[in-house]
Amino acid sequence: GVDMPQAPYRALNFFVTADGHVPKVTSWGFERAMPAEYTMKLEKGVTIGGVVVDETGQPIAGAKIEIGGTGNDSSLPENIQFGPDTTLLTDAGGHWSCNMIPKTLEQVPVIVTHPEHAETDDTVWPGGPDATNVVITMKTGFAVAGIVQDATGNPIAGTTVREVHLSSQREHTQTTDASGAFELKSMNAGELMLAVQAKGFAPAVQTFTVTGSVTGLRFQLGPGQLLR
């Protein structure tokens, strides 16, 4: 059993995972009343897996593997959901395996991250011949660091620094510390657009090309204007 949450609350998301089964989530609240009892049936999952290596072919231990979801349909009582409990780490030989994949999925997006390598997206086909022997290659990752200040040079703590993509790629986000400093890690080489935003200040954007780790970026924010 699960203890009922203490009122007041508006909604509850209930995540269920079990080894070898497809993970699910159900939600109650708003127009869907919470029942006193609920039965959730989990279907058996199929297995995908492989190895994560660097550009020289050496295995990468401790890489985090996140399985992409299929998206939630609010009209359904249950949805497939790969949450934090389904995150995997590669072993000393760079190997990983997930036995929770729905049989109906033709392709599965995976996101691979590691502190010393660039974030890597890949796709696995569960029905393919290499579904359990996928080789994912991670490129060297770079750090992008800098500081956010006001017009007089004082640091602005709590500023949101966001990587901007024009596509559906996942964006990196950081918050400046008390000294106004930030650092984005595991960044890919290439063009990078950063947008910064702080309460009471006008936002700012910089675009530059990353060919290695970047330090000394400086954003100076002017006062914001209230739109009426």
Side-chain angles (χ1 to χ4, degrees), residues 2 12-27 38-143 163 165-173 184-190:
V2 177
L12 173 68
N13 294 321
F14 192 72
F15 297 88
V16 180
T17 58
D19 186 50
H21 295 77
V22 179
K24 287 185 178 180
V25 61
T26 188
S27 301
Y38 186 83
T39 299
M40 178 180 286
K41 296 181 179 180
L42 300 182
E43 65 179 87
K44 288 283 189 178
V46 298
T47 300
I48 62 172
V51 63
V52 178
V53 299
D54 63 20
E55 292 176 285
T56 67
Q58 295 300 305
I60 301 175
K64 183 167 73 171
I65 311 289
E66 296 176 80
I67 307 297
T70 57
N72 287 351
D73 184 345
S74 59
S75 67
L76 298 176
E78 298 174 358
N79 281 276
I80 297 170
Q81 180 74 59
F82 289 90
D85 290 344
T86 60
T87 298
L88 308 164
L89 292 177
T90 56
D91 63 18
H95 295 96
W96 64 278
S97 179
C98 179
N99 60 2
M100 300 180 176
I101 304 303
K103 299 175 183 178
T104 55
L105 284 188
E106 293 185 0
Q107 57 185 40
V108 179
V110 296
I111 301 172
V112 189
T113 55
H114 187 275
E116 298 175 3
H117 297 82
E119 182 175 304
T120 303
D121 298 336
D122 209 332
T123 301
V124 180
W125 283 263
D130 298 323
T132 57
N133 294 289
V134 177
V135 178
I136 299 176
T137 302
M138 301 189 77
K139 298 180 180 179
T140 300
F142 302 110
E163 175 189 17
H165 282 300
L166 300 180
S167 64
S168 59
Q169 289 178 276
R170 188 164 69 166
E171 298 176 339
H172 293 77
T173 302
L184 298 170
K185 297 180 179 180
S186 304
M187 305 300 290
N188 278 286

Q) So how far is it from Trp96 CH2 to Ile67 CD1, rounded to the nearest 0.5 Å? A) 5.0 Å
Q: Kindly state each residue pair satisfying salt bridge (charged side-chain N to carboxylate O under 4.0 Å, His left out) with at least one member in residues 55-76, sequence neighbours excluded.
A: Glu66-Arg170
Q: Could you grab the distance from atom OG1 of Thr137 to atom CG of Asp122, nearest 0.5 Å is fine?
A: 8.5 Å
Q: Check whether any side-chain N or O of Asn99 sits under 3.5 Å from a backbone N or O of Gly45 as a donor-acceptor pair, and report yes or no.
A: no
Q | Side-chain heavy atoms of Lys44 within contact of His21, under 4.5 Å | A | yes
Q: List the atom of Ala131, the atom of Pro126, and the distance in Å for their closest heavy-atom pair.
A: CB-O, 3.3 Å
Q.
Once rounded to the nearest 0.5 Å, what's the spacing between atom CD1 of Ile101 and atom NZ of Lys103?
A. 13.0 Å
Q: Locate the shortest heavy-atom distance separating Glu43 from Pro102; write the atom from each residue and the value.
A: OE2-CA, 4.2 Å
Q. Looking at CG of Leu42 and CD1 of Ile80, how far apart are the two atoms once the value is rounded to the nearest 0.5 Å?
A. 10.5 Å
Q) Which pair of heavy atoms, one from Thr47 and one from Ser97, lies closest together, and at what distance? A) CG2-OG, 3.4 Å
Q) Any idea which heavy atoms bring Gly94 and Pro59 closest together, and the distance? A) N-CB, 3.9 Å
Q. Within the distance-only criterion (no hydrogens, no angle test), does the side chain of Thr120 pair as donor or acceptor with the backbone N or O of Ala118 below 3.5 angstrom?
A. yes
Q: Considering non-hydrogen atoms only, spot the tightest contact between Ala61 and His114 and give its length.
A: O-NE2, 3.3 Å
Q) Which pair of non-hydrogen atoms, one from Met100 and one from Pro23, has the smallest distance, and what is that distance? A) O-CD, 3.6 Å
Q. Ignoring hydrogens and geometry, is there a side-chain-to-backbone donor-acceptor pair from Thr90 to Ala63 under 3.5 Å?
A. yes
Q: For His172, check ring pair (Phe, Tyr, Trp, His ring centres under 6.0 Å) against everything at least two apart and list the hits.
A: none
Q: Can you measure from CG (Leu184) to CD (Glu171) and round to the nearest 0.5 angstrom?
A: 11.5 Å
Q.
For a 4.5 angstrom cut-off between non-hydrogen side-chain atoms, does Cys98 reach Thr86?
A. no
Q.
Is it the case that over 12 heavy atoms from other parts of the model lie below 6.0 angstrom from the NZ atom of Lys24?
A. yes
**Q.** Spacing of Phe15 atom CZ and Met40 atom CE [to the nearest 0.5 Å]
**A.** 10.0 Å
Q | Audit row: Asp54, Met138, side-chain contact (heavy atoms from CB on, under 4.5 Å) steps and yes/no | A | CA-CA 5 Å; Asp54 63 20; Met138 301 189 77; 5.9 Å; no
